[in-house]
Amino acid sequence: MAAPRFDTFTQLLRARAAELAEQDVHVHLRDAPGGPVAEHLTYGRLDREARRIASCLQSLGATGEPVLLLHTSTTRFLTAFAACLYAGAVAVPAPMPGDGGHGKRLHRAGSVLADTGARLVLTDSEGAPEVSLWLAQANRQDVVCLAIDLPELGAPEDWREVPAGPDDLAFLQYTSGSVADPRGVMVTHRNLLANQESLRSLLGTTAADRFGSWLPYYHDMGLIAHLLHPVLLGSFSVQVAPDSFVRRPLRWLQAIERYGVTVAGGPNFCYDLCVRRITDEQLAGLDLSRWRLALNGAEPVRAESLRAFAERFAPTGFDPGALFPAYGLAEATLVVSGGEPGAGPTERVVDPLALERDQLLPALPGRPARTLVGCGRPVGLRARIVDPTTRRALPDGAVGEIWLRGESVARGYWKRPGESELTFAAALADGEGPFLRTGDLGVLDEGELFVTGRLKELVILNGRNIYPQDIEWAARSVRPALTLGFGAAFAVEADREQLVLVQEVRGAGADPQALRTLAHAIQALIGREFSIPAGNVLLVPPGTVRRTTSGKVQRTTMRRLFLAGALQGEYEVLTPQVHELVRSRAVELGDDLLPPLTAEGARAW
């Protein structure tokens with residue numbers, strides 16, 4: 001597929017529609033009692049429907065205005081997204097308010113609506129009752145809600161092309177909110193097209209590739225890599241509903257086989273989920289031999305997860321070389337770096353104590369070790385590893401904050417000029433800039449980027465830099481009851497900085513003695529593996545640990561809840577100083593009405 005220089009993604013989309021009118025651009029697999037039902041969308045229909053809806057948007061004065069997109073189907077979402085481009089409106093992908101008022105999605109949708117100040121919401125007839133109820137309950141009668149699949153809404157011939165340039169906004173991509181409230185990243189057409197070209201260069205994709213996703217359309221990896229990148233190529237994508245994937249991961253792999261998908265991926269946890277949930281009988285019927293790139297990004301990549309997936313699915317013809325760790329973030333539109341297609345992941349076995357001192361050194365024989373997975377070389381962007389305090393660039397092998405510069409770096413945060421200046425316009429000590437401060441810690445080694453953690457989530461104990469994800473993963477290895485649960489490790493200031501681990505466990509209301517044994521085993525392992533005291537462990541039921549819509553643990557939120565006294569363990573071990581810090585506060589909030597802890601530390605229900 002020829003790729004002439006386009007000034008806007010709108011021009012690209014219109015060109016593809018003219019070239020490939022009868023070809024599918026997207027297939028949405030909708031759950032049904034008899035199995036998934038495919039909804040097809042061709043390039044030609046996408047263009048016609050987008051012009052129809054855009055004409056309505058233009059009549060409502062939406063040009064230049066943010067428009068919330070809340071949809072139950074990715075075919076309809078893609079149509080609404082294209083309509084916003086055609087009308088010159090600013091598309092804002094967001095989750096449906098929730099399955100019957102699901103708290104996480106309800107809060108996120110409400111936050112996005114409030115932050116954008118949008119006065120117009122696009123949805124579909126299936127989602128309209130839920131969206132209308134949500135708006136009414138939020139007392140937002142000023143917001144107009146339109147179901148785009150109603151045929152009387154607009155007419156294609158009434159649409160008028162809107163002049164647009166490379167630096168005009170294409171859409172707002174809201175961040176996951178893992179360390180702060182979600183922020184609207186302003187992505188221009190120039191940003192989007194530059195990052196699409198980076199993806200093509202990095203992945204070696206062509207029109208022959210097919211894309212398969214379960215990621216929500218409002219997730220940057222789902223939107224840009226799986227929905228929009230096929231448009232650049234003149235290819236198509238297939239989508240499994242996120243909830244369907246979580247319930248039955250097999251659906252995603254079956255779609256990969258059925259539609260000949262060559263590029264598909266998601267965060268690290270989705271590979272763990274496939275390993276755990278797919279049975280031997282289901283495995284026997286799968287053919288994954290055409291899956292050439294299994295993207296892994298959006299959260300820390302674990303070497304153990306990659307090895308387990310490759311081993312588990314080897315009988316299906318899956319090639320271990322297809323595993324493709326990558327690094328990206330919404331503020332850089334999406335992709336920053338990735339490996340060599342077909343080469344498989346790069347690993348470094350390093351000394352964790354040296355890593356705590358911000359150095360990348362090989363692990364010594366017979367000593368503790370940590371395995372880092374490489375995220376390849378930056379593409380289309382200039383990357384620097386920077387001391388976040390002195391703002392001096394660091395040499396290869398030194399750990400610091402990842403700073404980026406290039407056309408993929410977005411304009412800033414919507415209506416947050418102060419934060420935008422701090423994050424998107426940073427300068428090195430010698431004046432070089434502007435750079436995007438990612439907030440991620442990493443190291444360059446022989447040109448390859450290794451991401452080590454989040455700057456804001458780093459646990460500093462006795463002058464040592466401890467990565468919380470390492471503690472969380474180690475704790476999960478103590479007992480099988482912990483493998484399916486999530487943990488959140490963070491530090492609090494009591495008499496000194498103290499580590500707190502909140503760990504989900506199946507059967508959290510079980511025998512107090514069993515929970516006591518489990519908590520003590522976690523404490524012993526952390527002390528043994530990290531040489532730090534783990535005096536504060538809370539065992540909680542599954543679902544307690546807050547996560548973003550993409551599965552990232554919200555450690556900052558968990559710390560805030562803990563300090564507010566709003567987080568209670570079914571079994572907990574707290575040092576006297578931390579107990580005084582958080583439980584006295586809880587009593588002031590009325591927590592004295594809760595049943596007291598027994599001598600064994602469990603709630604006496």
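Because the structure is a prediction, the values reported are computed rather than measured. By convention here, the first residue in the shown sequence is residue 1.
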Sidechain-backbone polar pair: [X] side chain, [Y] backbone, donor-acceptor under 3.5 Å:
| X | Y | answer |
| --- | --- | --- |
| R51 | E157 | no |
| H40 | V27 | no |
| E448 | R377 | no |
| N191 | T333 | no |
| H26 | S237 | yes |

Check ion pair [X]-[Y] (N to O, under 4.0 angstrom):
| X | Y | answer |
| --- | --- | --- |
| R45 | D47 | no |
| D209 | R292 | yes |
| D272 | R302 | no |
| R119 | D142 | yes |
| R312 | D280 | yes |

Just wondering, more than 12 heavy atoms not from [X] lying within 6.0 Å of its [atom1]?
| X | atom1 | result |
| --- | --- | --- |
| R258 | CZ | no |
| E311 | CD | no |
| E22 | CD | no |

State, yes or no, whether a side-chain contact exists between [X] and [Y] at a heavy-atom distance under 4.5 Å.
| X | Y | value |
| --- | --- | --- |
| V92 | W414 | no |
| Y327 | T438 | yes |
| Q58 | W159 | yes |
| P95 | P216 | no |
| V131 | P97 | yes |
| S244 | W214 | no |

Tell me if the aromatic rings of F171 and F81 count as close, with their centers under 6.0 Å from one another.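 Yes, the ring centres sit under 6.0 Å apart.
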
For residues F236 and Y43, establish whether the separation of their ring centroids is below 6.0 Å.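 Not under 6.0 Å, so no.
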
Determine, for Y86 and R14, whether the Lys NZ or Arg CZ falls below 6.0 Å from the six-membered ring centre while staying within 45 degrees of the axis. yes

Show, in sequence, the C-alpha distance, side-chain angles and deciding distance for N195 and S198, and conclude whether the side chain to side chain donor-acceptor pair (under 3.5 Å) test is met. CA-CA 5 Å; N195 207 251; S198 292; 4.8 Å; no

Parallel, tilted or perpendicular: which fits the ring planes of F77 and H71, with parallel below 30° and perpendicular above 60°?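 Rings of F77 and H71: perpendicular, as their planes differ by over 60°.
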
Would you please classify the geometry between the F309 ring and the W291 ring as parallel, tilted or perpendicular, with 30° and 60° separating the classes? perpendicular

Stepwise, does the side chain to side chain contact (heavy atoms under 4.5 Å, CB included) test hold for L199 with I224? CA-CA 9 Å; L199 271 172; I224 295 165; 4.1 Å; yes

Pair T75, E39 - check side chain to side chain donor-acceptor pair (under 3.5 Å), show working. CA-CA 7 Å; T75 54; E39 295 178 358; 3.3 Å; yes

